[in-house]
Novice: 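Quick one: the structure is below, questions incoming.
Counting starts at 1 for both ligands and their atoms, following the listed order. No hydrogens, no waters, no symmetry mates; every other heavy atom, side chains included, goes into these values. Worth saying up front: this structure is predicted, and the values here are computed from it rather than measured.
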Amino acid sequence: MRYAMIIDKRRCYACQGCTVACKVANATPPGTFWTKTLSIEKGKFPNAHMEYMPLICNHCDNAPCVKVCPTKASKKLADGTVQVTASECIGCQMCMEACPYGARYFNSEETPTYWSEVGKQNQYEAERMKEHVVNTVDKCTFCAPRREKGLPPACVATCAGVARIFGDLDDPESEVSKMFKKFKPKPYMPEKGTKPRVFYID
Ligand code: SF4
Ligand code: SF4
């Protein structure tokens with residue numbers, strides 16, 4: 001089992017459905033985006049165009065965030081994903097410094113909630129915020145709680161352009177394996193040497 005994601009940039013139109021689905025699934029606070037899609041202007045008039053770049057933790061095989069973690073709270077699992085065990089995290093944020101993709105977020109006591117911004121306590125949000133333990137770092141889990149139920153990550157399930165393909169690269173019959181073979185997708189910033197498990201079709 002080696003989970004991986006292919007993002008087909010030809011099919012992404014930056015609707016931000018993935019961004020919102022991730023926020024709903026993982027109840028991330030304001031300012032925290034475990035996935036998001038950038039809109040980047042390229043070229044000059046009259047040959048200008050927009051390029052859309054979906055970003056997410058790459059669950060790197062050679063993950064610097066795992067290497068620098070002094071408590072081994074950040075781990076590379078046998079299924080290919082990189083996860084953080086909150087109870088082992090001391091909040092030193094060295095992993096955030098080490099990640100070249102800015103994929104990690106610190107949960108501080110000052111981290112706002114959406115409803116706290118308008119001065120009200122929302123019971124649902126207060127409950128879900130417990131998933132983001134104060135003074136620890138967290139990030140995209142490839143939707144571990146959904147995968148435990150046999151569901152794909154929320155960003156994959158919701159993508160209207162069907163631009164995100166997720167699955168087991170060890171299974172030659174999986175869609176992600178077939179797409180990998182056919183399109184030979186490339187990781188983002190391979191020069192960083194982190195060996196990402198998220199690949200892009202340009
Ligand atoms: Fe770690 Fe960053 Fe790679 Fe995610 S993208 S595994 S946080 S180095
Ligand atoms: Fe490890 Fe937590 Fe420190 Fe990150 S903040 S390096 S996960 S102990």
Side-chain angles (χ1 to χ4, degrees), residues 1-7 9 12 18-19 21-23 25-29 31-38 40 52-111 129-147 152-156 163-170 176 180 185-202:
M1 172 73 78
R2 275 191 312 150
Y3 284 120
M5 185 180 288
I6 292 176
I7 299 179
K9 286 170 70 181
C12 172
C18 49
T19 311
C22 175
K23 285 211 148 280
N26 298 297
T28 54
T32 294
F33 295 93
W34 285 3
T35 193
K36 62 188 171 190
T37 297
L38 304 182
I40 305 157
Y52 306 131
M53 183 62 183
L55 296 172
I56 189 169
C57 168
N58 291 285
H59 294 268
C60 309
D61 278 347
N62 188 30
C65 59
V66 172
K67 284 186 188 164
V68 300
C69 179
T71 66
K72 310 263 182 276
S74 286
K75 304 169 176 73
K76 180 77 179 172
L77 304 192
D79 64 7
T81 68
V82 171
Q83 305 291 348
V84 184
T85 305
S87 60
E88 296 169 6
C89 174
I90 56 172
C92 67
Q93 303 177 48
M94 286 171 67
C95 53
M96 293 174 68
E97 291 290 327
C99 171
Y101 299 97
R104 289 180 166 238
Y105 294 85
F106 181 61
N107 302 304
S108 84
E109 280 174 11
E110 286 81 42
T111 299
M129 280 298 285
K130 291 176 187 164
E131 295 168 28
H132 306 285
V133 181
V134 172
N135 289 328
T136 70
V137 166
D138 57 21
K139 65 166 195 71
C140 158
T141 64
F142 269 168
C143 274
R146 284 178 57 89
R147 287 188 285 110
C155 59
V156 175
R164 293 181 183 229
I165 299 98
F166 178 80
D168 180 7
L169 262 189
D170 274 349
V176 79
F180 198 89
K186 301 280 187 301
Y188 181 41
M189 298 199 296
E191 69 277 8
K192 298 293 178 188
T194 66
K195 295 194 167 55
R197 302 202 57 75
V198 175
F199 303 90
Y200 294 85
I201 300 173
D202 272 321

Novice: Specify the protein heavy atom at minimum distance from atom 8 (S) of ligand 1: its residue, its atom name, and the distance to 0.1 Å.
Specialist: P64 CD, 3.7 Å
Novice: Would you check if atom 3 (Fe) of ligand 1 lies under 2.8 Å from any N, O or S atom of C57?
Specialist: no
Novice: Checking a contact table here: which protein heavy atom is nearest atom 2 (Fe) of ligand 1, and how many Å away?
Specialist: C99 SG, 2.3 Å
Novice: Can you report which non-hydrogen protein atom sits closest to atom 7 (S) of ligand 1, along with the distance?
Specialist: R104 NE, 3.2 Å
Novice: For Y188 and Y200, take the angle between the two ring planes, folded into 0 to 90°, and tell me which bin it lands in: parallel under 30, tilted 30 to 60, perpendicular over 60.
Specialist: perpendicular
Novice: I want to check a possible cation-pi pair here: K186 against F199, using under 6.0 Å from ring centre and within 45° of the ring axis as the test.
Specialist: no
Novice: Got the closest protein heavy atom to atom 1 (Fe) of ligand 1, with its distance?
Specialist: C65 SG, 2.3 Å
Novice: Report the nearest protein non-hydrogen atom to atom 5 (S) of ligand 2: residue, atom name, distance rounded to 0.1 Å.
Specialist: Q93 N, 3.1 Å
Novice: Measuring to atom 3 (Fe) of ligand 2, does C92 have an N/O/S atom at a distance below 2.8 Å?
Specialist: yes
Novice: Counting distance only, does the side-chain N/O of T85 pair as donor-acceptor with the main-chain N or O of E88 below 3.5 Å?
Specialist: no
Novice: Just to be sure I read this right, does ligand 1 sit under 4.0 Å from the backbone of K139, its side chain, both, or neither, counting only heavy atoms?
Specialist: side chain
Novice: Any donor-acceptor pair under 3.5 Å linking the side-chain atoms of N26 with those of T28?
Specialist: no
Novice: Just need the protein heavy atom nearest to atom 6 (S) of ligand 1, so name the residue and atom and give the distance.
Specialist: C60 N, 3.3 Å
Novice: Under a heavy-atom criterion of less than 4.0 Å, does V68 contact ligand 2?
Specialist: no
